[in-house]
Peer 1: 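Just dropping this structure here.
Residue numbers count from 1 along this sequence. Predicted, not measured: the structure shown is a model, and the values here were computed from it.
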Amino acid sequence: MQLPHNLVCVSQKALESLNNADAIQLWPKNLREQLSYIAGLSQFVVDSLQKDQNLQQQLPDMLAQPTRHPKYRTQLASLLAECHDEAAGHRVLRQFRRREMVYIAWRDFMGSWSLEQSLEHLSKLAEAMLFETYQWQYHECCKLWGTPCNCSGKAQPMLIIGMGKLGGGELNFSSDIDLIFTYPENGDTQGAARSLPNAQFFTRLAQRVIKALVQQTFDGFCYRVDMRLRPFGESGPLVMSYAALEDYYQEQGRDWERYAMIKSRVMGREMYSEYRTLRQMLRPFVFRRYIDFSAIQSLRRMKSMISSEVRRRGLKNNIKLGAGGIREIEFIAQVFQLIRGGREPSLRHRGLLKTLSAIEKLELLSRQDVTHLRNGYLFLRRLENLLQAMADQQTQTLPNDEQEQLQLSVAMGYQDWASLLKDVQMNMHNVHHIFISLIGDDDDDDSLEVAKHFHELWDMVDKPDVIEEILAHDIGSPLWTEMAQTITRFKQDLAKKTLGPRGRQVLNRLMPKAFCAIYSHQDAQYGLPCVLSLLNKIVTRTTYLELLDEYPAALTQLVRLCTESPMISEQLGRYPILLDELIDPHHLYNPIPLDNYRSELRDFLARIPEDDMEQQMEALRQFKQICILRVAAADIAGVLPVMKVSDHLTYLAEAIVESVVNQAWQQVVEKYGEPTHIKDRDGRGFAVIGYGKVGGWELGYNSDLDLVFVHDCPADVYTDGKKELDGRQFYLRLAQRIIHIFSTRTASGTLYEVDTRLRPSGASGLLVTTSESFDEYQRNEAWTWEHQALVRARMIYGDSALEKAFSDTRHQILSQSREASSLKKEVLEMRIKMREHLGGKKAGRFLLKQDPGGITDVEFLAQYLVLRYSHEKPKLTRWSDNVRIFESMIAQGIMEETSAMALTHAYTTMRNHIHHRNLLNLEADVDEEKLVKEREIVKALWHQWLE
C-alpha cells in the first residue's frame with residue numbers, strides 16, 4: 001500500500017522518532033513496510049511504539065494472530081494477579097489496553113479484517129478490562145471489609161451493566177463506556193472485624209473500579225466512564241439493588257431509558273445467569289406487550305434535542321450526530337425495537353446489524369432501505385474508527401486540516417478528500433431520507449406553538465452550560481445564570497419524587513409549554529421560581545398536571561397569577577384543588593357579587609351532610625380560598641380598586657362568620673338544647689361584633705378577625721336539652737366552639753386567626769358578655785383607646801334586638817362630650833406608645849402602617865375626630881370605615897373637602913400598596929423615597945389636628 005507524496009514526509013518524520021527502536025529493526029520486511037504506511041496515518045500507533053519497548057517486541061507475534069479477544073480475560077487476569085499494589089495494577093491495565101489498541105488500529109488501517117471484527121475486539125477488550133478490574137478489586141475489598149452476603153449468607157456479586165455501544169458489542173475506537181452497577185440483594189459483609197451494609201461495600205467497590213479505569217497516570221488512562229445512565233442520573237446512588245432498580249424503572253423510567261436499556265448487557269459471561277433474573281424484571285419496561293407507537297414521538301424529540309445541540313455547538317460535518325449520521329441509523333433500528341419488540345423476539349437483539357436483518361426479514365422496511373442503512377452504517381462506523389485511531393481522540397467530526405483530510409481519505413481507500421466526501425454525503429443523504437419518512441424531520445416536532453428552545457430547555461437540564469446558553473441567547477434572559485440554577489434545582493428535586501410513567505409523560509409535555517408561558521411574561525424572573533415551586537408541590541398528583549397540559553388557558557392564568565403573586569402561588573401549591581378555578585378565565589376574574597357571598601356559601605355547603613362537621617369545616621376553608629383567589633386575580637388584572645378588594649374580603653368574612661355560627665350553634669344545641677328565653681322569638685339571642693379591619697370594611701388578604709361576642713340571656717335561664725346547661729354557659733360554649741371552628745387546622749389550613757382581646761376587660765374578661773354588661777363597661781370602665789376601637793366596630797352577625805342595643809351603645813359612647821385637650825393627650829400618648837412598639841424598625845424603609853405619616857396615623861385621626869366632634873355632630877357616628885368617616889367630616893363641616901379628599905387618597909394609596917405587597921408575600925414597607933407626597937399630607941393634617 002502506497003502513501004501519497006505529502007504523507008511520505010509525515011511517515012519519514014514519524015519513523016525518525018523510532019530510529020533507536022532496535023526491536024523494530026528485527027521485524028520482518030513486510031511488517032516494517034506496513035509500519036511505514038501506518039506511520040503516515042496514525043500518530044497514536046507511532047507514539048505507542050515509542051513509549052513501549054515491550055510492544056515493539058510483542059507486536060509481530062500479536063499481528064500473526066487473526067484474532068485476539070478470546071484470550072483477553074485470561075491474559076489480563078494473570079497480569080493483575082501479580083500486582084501487589086494499586087499503582088502496579090493501574091500500570092498493567094493501561095499498558096495492556098494500549099498494546100491491544102495498537103493491534104486493532106493496525107488491522108483497521110491495513111484493512112485486513114471486517115468492521116464487525118474490529119468492533120468485536122474493541123468491545124471485548126473493554127469488557128475484559130472492566131470485568132477483570134472488578135474481579136481484582138472485589139477480592140481486595142473483601143480483604144478489607146468482608147464478603148457481601150444476603151440474609152441467607154450467600155455471597156453477593158456486583159454486576160456491571162454495559163450500556164450503549166459497549167452493551168451492543170459495537171464500541172468505537174475512543175468511546176466512553178456507559179455503565180450501571182447493581183447487586184442482587186441487600187445484606188451485610190461477613191468475615192471482617194467490622195461489617196458493612198452491602199450497599200456501602202458495593203459503592204466503595206464501584207468507586208475503586210471507576211478510579212482504576214479513568215485516573216490519569218504516567219501511562220495515560222483506560223476509558224472515560226459515564227455513569228449518567230443510572231437511575232436518577234448523577235444525583236442517584238452509584239450502585240442499587242435489583243429491587244431498587246425494578247422499582248425505579250416501573251415507577252419512574254423514562255422513554256430515553258427504555259431506548260438505552262435495549263442495548264444493556266452484563267459484563268462477564270459467568271454473570272449472565274445472575275443477570276437473567278434482572279433482565280426478566282426489566283423486559284416489560286423496555287419491550288411493551290402492545291404495539292407502542294408512542295416510541296416514534298419520543299425518539300423524534302430526542303433527535304430534535306440532539307440536532308439542536310449540534311447546531312448550538314457549531315458541529316459541522318459530524319458523522320454521528322448530523323443529519324443522516326450514525327445516530328439516525330440507530331434511531332431507525334431502535335424505533336422498530338421499541339414499537340414491536342414486545343411481540344417480535346427477533347427485534348430484541350442488542351447489535352444494530354442483527355436488528356436490521358430482523359427488520360428486513362419482517363418486511364418492516366423495504367430491502368433497498370435496509371441496504372442503504374446497512375451500507376451507511378458500515379461505511380460511517382469504519383470512517384469513525386479510523387478517524388479516532390489517527391490520534392486516539394474521541395471525535396466524530398470530519399477534519400478541516402488538509403493533512404488530516406488526506407490521511408483519512410487514504411485510510412479509507414480514496415485518492416483524495418473530495419472523493420471521500422462525496423461518498424460520505426451520499427451515504428448520509430440516503431440514511432436521512434429514510435429517517436424523515438419514518439420518524440420525521442425536526443420541523444415535525446410535537447407542538448409547533450411551543451418554540452423548540454423551550455423543549456430543549458427541559459430536555460437539556462442535566463447540561464448547565466447548554467441551558468445557560470439557551471436562556472442567554474435563544475430566550476434572551478438577562479438573569480440566565482440564576483434561572484439556570486432554578487431550573488436545575490427543580491429537575492434535581494423531581495428526581496427524588498415517585499412520578500410513574502404517566503406522570504413523566506405528562507410532565508414532558510407540560511414543561512415546554514410552561515416555560516413558553518413563563519418567558520412570555522415580562523417579569524419571568526419572578527414567575528419562574530414561583531411556578532416551579534408550585535409544580536414541585538403538585539407534581540406527584542398527575543391529574544393536576546394533566547389539567548394544566550390540557551387547558552392552555554389554565555396554564556396561562558397560573559403563570560400570570562404566580563408571577564404577580566407569590567401568595568397565590570403558595571396557596572395553589574398548598575391547596576391544589578384551587579387549580580380547577582383556572583379553567584375558566586371569565587369566571588376566575590369575576591368575584592362573587594357582594595350580596596351573593598352568603599347564598600353562594602350556603603349552596604357550596606349544601607352538598608355536604610350537616611352532621612359531617614369535619615367536611616363542613618373543610619368546605620368552609622375551600623370556599624374561602626376559592627373566593628380569595630378570584631378576588632386576587634381580579635385585583636391583579638386591575639378590575640378591582642382597593643376599596644372593592646376590601647369590600648369583597650369583608651363580605652366574604654361576614655358570610656363565613658354567619659356559617660361558622662350556624663355550625664357551632666347546631667353542634668352545641670345538639671348536645672345541650674336551646675336556651676329557653678329564645679323560644680318565642682326570632683333569632684338566637686347572640687351577636688358577633690367586628691372590630692378593626694372587619695369592622696371598618698377594610699380587610700386585607702392576610703387579615704385576622706377582631707371579634708367580640710355578645711348575648712342577651714337573663715341570669716336564670718337554662719337550656720331545654722337532655723343535658724341541661726345554664727344559659728350563659730351555653731353562650732360561652734357557643735363562643736368557644738366558634739373559635740374552635742375558625743382556628744382548627746384541617747387539610748386546607750385554618751379559616752381565620754381570631755383575636756378576642758378587644759372584649760370588655762380584654763384577655764382577662766369573659767369570652768362572651770351580655771349586651772347590658774357591654775354597655776355598662778363602655779360607659780364606666782373603658783379606656784379612651786377602647787372608645788377609639790369602638791369607632792371601627794359594627795355588628796356583623798346577630799339579632800335585630802341585639803343590633804339595636806349595640807348601635808345605641810356605640811352611638812351614645814362615641815357622642816359623649818369629651819374635654820378636648822385631655823382627649824388629644826390620650827390619643828397622642830396611645831399613638832406614641834404604638835409607634836415605639838411597632839414602628840421604625842427598618843433603616844431606609846417606610847413602614848406603611850406604623851411609621852409617621854402612615855395608615856395608623858390616618859386611623860387615629862379619624863377616631864380622634866369622631867370622639868372629639870360627635871357630641872356636636874351625631875351623624876359622625878354612622879360609619880365605621882375611615883373613607884366614609886372623612887366624607888362625613890366634609891358633610892358636617894369639620895374638615896375642608898380638599899384636605900379630607902387628599903387624606904383619603906393618601907390612605908387608599910397606602911392600603912393599595914399593602915394589598916399588592918400581600919400578593920407578593922412581602923412585608924408592609926416600601927423604600928423611604930416612595931409615597932413621600934402622601935406621607936406629607938398625613939403628617940400635615942396630623943400636625944394640624946393633634947399637635
Peer 1: Whether the side chain of Arg350 engages the backbone of Gly164 through a donor-acceptor N/O pair (distance < 3.5 Å, no angle test) should be reported.
Peer 2: no

Peer 1: Grab the two heavy atoms, one from Met227 and one from Leu238, that are nearest each other, plus how far apart they are.
Peer 2: CE-CD1, 4.0 Å

Peer 1: If you look at every heavy atom in Val92 and Cys83, which pair is closest and at what distance?
Peer 2: CG2-SG, 3.5 Å

Peer 1: Could you check Val531 against Phe515 for side chain to side chain contact (heavy atoms under 4.5 Å, CB included), going step by step and ending with a plain yes or no?
Peer 2: CA-CA 9 Å; Val531 174; Phe515 285 137; over 6 Å; no

Peer 1: Roughly how far, to the nearest 0.5 Å, is CD of Glu140 from CH2 of Trp136?
Peer 2: 7.5 Å

Peer 1: Please lay out, stage by stage, how Asp85 and Arg91 fare under the test side chain to side chain contact (heavy atoms under 4.5 Å, CB included).
Peer 2: CA-CA 10 Å; Asp85 58 42; Arg91 186 160 52 251; 5.5 Å; no

Peer 1: Is Arg208 positioned over the aromatic face of Tyr138, cation under 6.0 angstrom from the ring centre and no more than 45 degrees off axis?
Peer 2: no

Peer 1: Run the side chain to side chain contact (heavy atoms under 4.5 Å, CB included) check on Lys497 and Asn536 step by step: do they pass?
Peer 2: CA-CA 9 Å; Lys497 296 178 182 290; Asn536 191 28; 2.8 Å; yes

Peer 1: Are more than 12 heavy atoms from other residues, nucleotides or ligands located less than 6.0 Å from atom NZ of Lys491?
Peer 2: yes

Peer 1: When you check the gap from the basic side-chain N to the acidic O, do Lys320 and Glu384 get nearer than 4.0 Å?
Peer 2: no

Peer 1: Once rounded to the nearest 0.5 Å, what's the spacing between atom CD of Gln388 and atom OG of Ser175?
Peer 2: 7.5 Å

Peer 1: With distance as the sole test, does Gln334 use its side chain to make a donor-acceptor pair with the main-chain N or O of Leu352 at under 3.5 Å?
Peer 2: no

Peer 1: When the aromatic ring centroids of Phe202 and Phe181 are compared, is their separation below 6.0 Å?
Peer 2: no

Peer 1: For Arg98, run the side chain to side chain contact (heavy atoms under 4.5 Å, CB included) check against Asp219, Asp392, Leu49 and tell me which one passes.
Peer 2: Asp219

Peer 1: Atom SG in Cys222, atom CG in Leu93: separation rounded to 0.5 Å?
Peer 2: 5.0 Å

Peer 1: Compare every heavy atom of Arg94 with every heavy atom of Lys211, then report the nearest pair and how far apart it is.
Peer 2: O-NH2, 4.0 Å

Peer 1: Measure across Ala128 and Leu76 and return the closest heavy-atom pair with its distance rounded to 0.1 Å.
Peer 2: O-CD2, 3.7 Å

Peer 1: Trp145 ring centre to Arg194 NZ or CZ under 6.0 Å, with the angle to the axis within 45°?
Peer 2: no

Peer 1: With salt bridge (charged side-chain N to carboxylate O under 4.0 Å, His left out) as the test, would you mind laying out the steps for Arg73 and Glu270 before giving the verdict?
Peer 2: CA-CA 12 Å; Arg73 294 241 342 245; Glu270 55 266 59; 2.8 Å; yes

Peer 1: Could you report the tightest heavy-atom contact between Asp178 and Leu229, atom names first, then the distance?
Peer 2: CB-CD1, 3.7 Å

Peer 1: Can you tell me how far the OH atom of Tyr223 sits from the CG atom of Leu125, to the nearest 0.5 Å?
Peer 2: 3.5 Å

Peer 1: Please determine, by modelled atom types, if Ser235 and Gln492 share a side-chain donor-acceptor pair under 3.5 angstrom.
Peer 2: no

Peer 1: Can you tell me if Gln190 and Thr147 form a side-chain donor-acceptor pair at under 3.5 Å?
Peer 2: no

Peer 1: Does any donor atom in the side chain of Arg68 or Tyr72 lie under 3.5 Å from an acceptor atom in the other side chain?
Peer 2: no

Peer 1: Counting C-beta onward and ignoring hydrogens, is there a side-chain heavy-atom pair between Leu179 and Ile210 closer than 4.5 Å?
Peer 2: no

Peer 1: For the CD1 atom of Ile104 and the CD atom of Gln117, what is their distance to the nearest 0.5 Å?
Peer 2: 11.5 Å

Peer 1: Looking only at atom types and distance, does a side-chain atom of Tyr134 sit under 3.5 Å from a main-chain N or O of Met158, one as donor and one as acceptor?
Peer 2: yes

Peer 1: Check this for me, if you would: do Arg265 and Glu127 make a salt bridge, where the nitrogen-to-carboxylate-oxygen distance has to be below 4.0 angstrom?
Peer 2: yes

Peer 1: Under 6.0 Å between the ring centres of Phe44 and Phe173?
Peer 2: yes

Peer 1: Going by atom types alone, do Gln156 and Asn198 pair a side-chain donor with an acceptor below 3.5 Å?
Peer 2: no

Peer 1: If the threshold is 4.0 Å, N to carboxylate O, is there a salt bridge linking Lys124 and Glu100?
Peer 2: no

Peer 1: To the nearest 0.5 Å, how far apart are CG in Leu510 and CG in Leu545?
Peer 2: 6.0 Å

Peer 1: His69 versus Glu120: any side-chain heavy-atom pair under 4.5 Å?
Peer 2: yes

Peer 1: Is the shortest side-chain N to carboxylate O distance from Lys165 to Glu330 below 4.0 Å?
Peer 2: yes

Peer 1: What heavy-atom pair brings Pro157 and Ala155 nearest, and what distance separates the two atoms?
Peer 2: CD-O, 3.9 Å

Peer 1: Taking atom types as modelled, find out whether His121 and Thr67 have a side-chain donor-acceptor pair closer than 3.5 angstrom.
Peer 2: yes

Peer 1: Would you say Asn150 and Asn186 make side-chain contact, with heavy atoms under 4.5 Å?
Peer 2: no

